[in-house]
Amino acid sequence: YRTQMRYIVTNAKPTPVNVDVVQSGLARWWWWRDLRIPEESIKGVQETADMRRWVVPVPANGKVELTATFLTPW
């Protein structure tokens, strides 16, 4: 299966910020143990089998779109 996710991160502050975006629930079922992420707009880090983290730089008074594609064998 191919699942495409889109996260919109906004910043209302007058200064740029880095925002941690965390997607958990990636290894809830045994068939997700072979999860692959072939595409992502910002490189993320697989913290655990169940969680991936992205650090998203967001400009002052701006927004950033983070996209990721998850592949599972089932």
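Atoms considered below: every heavy atom in the structure, side chains included; atoms not considered: hydrogens, waters and symmetry mates. Just so it is clear, the model here is predicted, and its values are computed rather than measured.
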Do the non-hydrogen side-chain atoms of [X] and [Y] ever get within less than 4.5 Å of each other?
{"X": "Gln4", "Y": "Thr67", "result": "no"}
{"X": "Val64", "Y": "Pro59", "result": "yes"}
{"X": "Glu47", "Y": "Val22", "result": "no"}

remark   = CG (Asn61) and CG (Asn11) are apart, to the nearest 0.5 Å, by 6.5 Å
key: Rounded distance [0.5 Å steps], CD1 in Ile8 versus NZ in Lys63   = 6.0 Å
Which atom of [X] lies closest to which atom of [Y], heavy atoms considered:
{"X": "Val17", "Y": "Val19", "result": "CG2-CG2, 3.9 Å"}
{"X": "Thr48", "Y": "Gln46", "result": "O-NE2, 2.9 Å"}
{"X": "Ala68", "Y": "Trp54", "result": "CB-CZ2, 3.9 Å"}
{"X": "Val55", "Y": "Ile42", "result": "O-CG2, 3.8 Å"}
{"X": "Ser41", "Y": "Leu66", "result": "OG-CA, 3.4 Å"}
{"X": "Pro38", "Y": "Leu71", "result": "CG-CD1, 3.6 Å"}

key: Contacts of Arg6 that satisfy salt bridge (charged side-chain N to carboxylate O under 4.0 Å, His left out) - sequence neighbours left out   = Glu65
